[in-house]
Amino acid sequence: MERKTLISAFVEQIIAKTDFSQLDQIYLYNRILNLVDGVDKTGDYTDKSLIELADLLVNLGDTERTAGQKELLKTELLNFLVPAPSKVNQIFWNKYQQQGVNSALKYLYQLNQASNYIKTAEISKNKYFRYQSKYGELEITINLSKPEKDPRDIARLQKLAPTSYPQCQLCFTNEGYQGRIGYPARSNHRIIRFDLLNETWGLQYSPYAYFNEHCIFVDQKHQLMKIDRLTFRRLLTILDIFPAYFVGSNADLPIVGGSILSHEHFQGGRHEFSMDQAKIRQKITFTDFAHVKAGIVDWPMSVIRLSGKNKEELVELATKILNSWKNYSDEKVAVIAASDHQPHHTITPIARKRGAEYELDLVLRDNHCTKEFPAGVFHPHPDVQNIKQENIGLIEVMGLAILPPRLQRELAEVEKYLLHQPNQIAEKHLHWTEKILQQYDGKITAENVTSIVKQALGATFVRVLEDAGVFKNDSVGQKAFNRFVDYVNE
Ligand SMILES: [Zn+2]
C-alpha cells in the first residue's frame with residue numbers, strides 16, 4: 001500500500017496524461033490546494049481514476065458545498081486535463097489530416113470522456129431496452145442521467161441576480177465558462193471550429209448523450225433556427241466533412257421542434273437508428289428530378305426519403321418539397337398550412353451517407369392546435385400523455401424514445417397496481433394501466449410484470465409517433481400523402 005496525499009495523487013495523474021511535466025508539480029499542487037480550501041488528506045489512492053480522485057477532492061475542505069457547487073469545482077479540477085481550445089483544435093485537425101476523420105473524432109471523444117465533459121457514469125444510469133414493432137425495432141430509454149436538483153441550490157438560485165451571459169447554452173461563449181448554480185459547468189468544454197460554406201461552425205459532443213458519439217454542430221452566431229435551402233446544403237456538406245456521422249436538424253417551429261429554437265444547431269452521431277433501417281413503402285417520382293431516387297418510408301411518421309449522388313439536385317428537390325409543404329393544406333385529413341397568419345408547416349430533416357450516395361429523410365411536420373387537441377393535433381394525444389407529453393424532436397422521430405425520469409418512480413406504482421398490491425398509482429396512469437390489465441387478464445405475475453410494462457411502453461411509443469405523423473398509415477392517409485406528392489409535382 002502506497003500512501004500519499006489526495007492532491008499529490010491527482011497531480012501525478014494530470015502530469016502523466018498532459019503536457020504538464022514534473023517541474024509543474026509544485027505549481028499544480030498549490031493551484032489545486034487553493035481550489036479545495038487549503039485542505040489535503042493522506043491515504044491509499046493507487047486504484048483511483050482521475051474522475052474518482054476529483055470526486056474525493058470536492059468533498060475535502062468546505063463540507064457545506066451543495067451538489068451544484070461540487071459540480072462546478074469538479075469540472076474546474078478536471079479542466080487541468082484539457083489543453084487550451086487552440087491546442088485541442090490543432091491536435092484535432094492534425095489528426096484529421098494525417099490519420100483521417102475517425103481518428104480525430106476518437107481523440108475529441110476520449111478527451112471529453114476523460115475530463116468528464118461527457119458524463120459517462122451518469123449516462124450509464126439510463127434505462128434502455130428495445131421494442132419490436134411492426135415498423136422495426138424501436139429503442140426506448142428512460143432518461144435518469146441528469147441529477148436531481150439539490151434544494152439548497154434551488155434556494156440559492158432564487159437569490160441570484162439574473163444574467164444574460166452566456167446568451168444561451170449553445171453559444172461559443174460557453175467554452176471554459178465556470179458555470180453557476182442553475183447553469184452547467186463548462187470549464188472543460190472545448191469546441192472544434194470548422195468552415196461550413198464560408199461560415200464558422202463548431203463541433204462538440206453532448207454531455208448527456210442519448211446514443212453513441214452524440215454530437216452537436218453549432219453555428220458561431222446566435223441566431224434563430226430556420227429550415228430552408230441553406231439547411232439542406234449545410235447538412236449535406238457536413239456529411240462531406242464527417243461522413244461516418246448522421247446529421248439532422250430539429251424543426252424550426254414550437255411543439256414540433258426541439259428544446260432550443262433560439263440558436264441554429266444540428267445533432268449528429270455514430271448510431272444507426274430504427275428509421276435508418278426502415279424500407280421504402282412506396283416509390284415516388286418528382287418531375288424534373290429523374291436522377292433522384294425518392295420514396296415514402298414505411299414509418300409511423302410521414303417521411304419522404306431522397307437519395308442520390310448529386311448534392312445540388314437533392315438540395316433543390318428538398319427545397320421544393322419544403323416550400324410546397326409550407327403552403328399545403330388538406331382539410332380532409334386535418335392538415336393546415338397556416339392560421340391567423342401563423343405558419344404551421346415545416347420539416348425535420350435527417351441526412352446520412354450511404355457509400356457514394358447522400359440520403360435525405362424529410363419528415364413532414366404540422367404544429368396546429370385545436371380545441372380537441374390543445375397541445376397539438378400532430379403531437380402525442382391526451383390518452384398517451386401520461387407517458388410522453390414533451391415535443392417529438394429529431395431523435396424520437398428516428399425511433400429512439402427519450403422518456404422523462406418521473407416514469408421510473410411512477411411505473412413502479414403501476415407494477416404494484418397490476419399485481420393488485422397496495423400502491424400509490426398516479427391518477428393519470430389509471431386508464432392506461434387498466435387497459436394493460438384487460439389485455440393480460442389474469443396472466444400478470446411478479447416475474448413478468450416488468451416486461452409487460454415495457455411492452456406497453458413500447459406500444460405507447462408507437463402510438464406517440466403515429467400521433468405525430470401528418471398522413472396516417474391507413475388508406476385515407478396514404479391517399480392524402482399521394483395528393484401532396486402530386487401537389488409538389490404540379
Ligand atoms: Zn446562443
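Both counts, for ligands and for their atoms, begin at 1 and track the order of listing. Bear in mind the structure is a predicted one, so any value in this text is a computation, not a measurement.
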**Request:** To the nearest 10 degrees, could you say what angle the Zn ion (ligand 1) makes with SG of Cys168 and SG of Cys171?
**Result:** 120°

**Request:** Indicate whether the side chain of Tyr328 and that of Asp366 have a donor and an acceptor atom separated by less than 3.5 Å.
**Result:** no

**Prompt:** Charged N to carboxylate O below 4.0 Å: is that the case for Lys472 and Glu466?
**Reply:** no

**Complete:** The N/O/S atom of His222 lying closest to the Zn ion (ligand 1) is ND1

**Request:** Could you tell me whether the side chains of Thr200 and Arg193 share a donor-acceptor contact shorter than 3.5 Å?
**Result:** no

**Message:** With a 3.5 Å distance limit and no angle check, can you tell me whether Asn391 reaches the backbone of Gly393 through a side-chain donor-acceptor pair?
**Reply:** no

**Message:** Which atom name would you report as the N, O or S atom of His263 nearest the Zn ion (ligand 1)?
**Reply:** ND1

